[in-house]
Amino acid sequence: METMAKDKVEETRELDWALLPRGEVSQVDGIMLAKNVCNIWDKVWNFQAKPDDLVIASYPKAGTTWTQEIVDLIQNDGDIKKSRRAPIQLRQPFLEWVKPTCSGIDQANAMPSPRTLKTHLPVQLLPPSFWEKNCKIIYVARNAKDNMVSYYYFQRMNKGLPDPGSWDEYFETFLAGKVVWGSWYDHVKGWWRKKDSHPILYLFYEEMMKDPKREIRKVMEFLGKDLKEEILDKIVYNTSFDVMKKNPMTNYINEVRMNHNLSPFMRKGVIGDWKNQFTETQNKRFNEDYEKNMADTSLSFCMEL
Ligand SMILES: Nc1ncnc2c1ncn2[C@@H]1O[C@H](COP(=O)(O)O)[C@@H](OP(=O)(O)O)[C@H]1O
Ligand SMILES: CCc1ccc(OS(=O)(=O)O)cc1
């Protein structure tokens, strides 16, 4: 009986999701953003940062939630109970996201300091008061191939974003930068340049995978904290893919616009998954495009182990 009821709930959820319309998009200074964000752009742009605000910035699907959970655990001295107090999107408002009931800006304005805020904005669209107040920023970047694959599956399951179409179509859309939050190239390069003149800790998903403790220690030092080795080990464990996948507070489980049956929020969490998705022709075409677009930067990425 109980199982049947559960099945019914699942079925209803699936139906509700199927009937939901896709989020519309528009542009701010040539960058594609959700239309409801563009509609309140003045409010986003004029957001008043405070000097003790911390920003976690990234291109979508680069390891944002992972970094957010690491930061929250460091801020709470590794206390799991405290970090599980609420879903990640309530603990750390998503600056440029608007829901029918609230916006990230309203959430942030209602929050006591010190605040940690998440954004996917390209560097030129970050509200100027973050620069004026000299706020600390953690940026996380991921290699473009895996980032593209992850974003494709996320757009499929998230009705808040445009329908990605087929993989072959999406491959071209992504390379052309015609996705929400703009071109991957401009995003990672723009934030990379900015770190020379602003307190930005620039992290890489691949380095976090290879040596999570080393990267978590970097974050801890950047935040001015000094935690014991055993606390660091606890944070490494609790922010591992397997543990975070089971954590209801890091999986957007109650987000009605996401269909986790189509693709879970914590999908694979590996380096090099692109090899299961790219055709040989696509890989060749990608590499040519990549070389051209990355010729003017010292940034480099690990694409496989
Ligand atoms: N603790 C963790 N370790 C490794 N990867 C993680 C992780 N938590 C989330 N991810 C991966 O990060 C991506 C989501 O990034 P974001 O939080 O920016 O949306 C997903 O990638 P995949 O789709 O490749 O699995 C997700 O699985
Ligand atoms: C539905 C709100 C939402 C949540 C997360 C998003 O991106 S990411 O997972 O942080 O990369 C986008 C929209």
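Indexing begins at 1, ligand by ligand and atom by atom, following the structure's order. Just so it is clear, the structure is predicted and the values come from calculations on it, not from any experiment. All residue numbers refer to positions in the sequence shown, counting from 1.
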Test: Asp77 and Lys225 ion pair at under 4.0 Å: yes
Check each atom of ligand 1 against the heavy atoms of Gly269 and keep those under 4.0 Å away; list them by number with element. 5 (N), 22 (P), 25 (O), 27 (O)
Counting only nitrogen or oxygen atoms and a 3.5 angstrom limit, does Lys268 reach ligand 1? yes
Contact partition for Ser58 relative to ligand 1, non-hydrogen atoms under 4.0 Å: neither
Does any N or O of ligand 1 fall below 3.5 Å from an N or O anywhere on His120, backbone included? no
Check each heavy atom of Val270 against ligand 1 and say whether those closer than 4.0 Å belong to the side chain, the backbone, both or neither. neither
Non-hydrogen atoms of Thr239 versus ligand 1: any pair closer than 4.0 Å? yes
Pair Lys61 + Asp146: basic N to acidic O under 4.0 Å: no
Under 4.0 Å from a heavy atom of Met266: which atoms of ligand 1 are those, numbered in the order shown and with their elements? 8 (N), 9 (C), 27 (O)
Answer with side chain, backbone, both or neither: which part of Glu69 has a heavy atom less than 4.0 angstrom from an atom of ligand 1? neither
Option whose closest heavy atom lies nearest to atom 11 (C) of ligand 1, chosen from Tyr205, Tyr152, Phe154: Tyr205
Any carboxylate oxygen within less than 4.0 angstrom of a Lys/Arg side-chain nitrogen, looking at Asp163 and Arg156? no
If you measure from the Lys or Arg side-chain nitrogens to the Asp or Glu carboxylate oxygens, is any gap between Glu215 and Lys218 under 4.0 Å? yes
May I have the step-by-step check of ring-ring contact (aromatic ring centres under 6.0 Å, His included) for Phe278 and Trp167, ending in yes or no? CA-CA 9 Å; Phe278 280 43; Trp167 163 250; 5.7 Å; yes
Should the proximity of Met244 to ligand 1, defined as any heavy atom under 4.0 Å, be assigned to the side chain, the backbone, both, or neither? side chain
Which atoms from ligand 1 have a heavy atom of Ser240 less than 4.0 Å away? 1 (N)
Could you tell me, atom by atom, which parts of ligand 1 come under 4.0 Å of a heavy atom of Met209? 4 (C)
Can you figure out which of Ala62, Pro60, Ser150 has its heavy atom closest to atom 23 (O) of ligand 1? Ser150
Ring centroid separation Trp131 to His198 under 6.0 Å: yes
Centroid-centroid under 6.0 Å between Phe174 and Tyr152 rings: no
Tyr59 near ligand 1 by a heavy-atom separation under 4.0 Å: no
Between Asp53 and Lys133, is there a side-chain N and carboxylate O pair less than 4.0 Å apart? no
Which of the numbered atoms in ligand 1 are under 4.0 angstrom from any heavy atom belonging to Thr65? 16 (P), 17 (O)
Would you kindly specify which portion of Arg142 sits under 4.0 Å from ligand 1, judged on non-hydrogen atoms: side chain, backbone, both or neither? side chain
Run the numbers on Arg217 and Glu229 for side chain to side chain contact (heavy atoms under 4.5 Å, CB included), then give the verdict. CA-CA 10 Å; Arg217 188 178 276 112; Glu229 287 301 300; 2.7 Å; yes
Shortest non-hydrogen pair, Ile80 vs Leu73, comes out as CD1-CD2, 3.8 Å
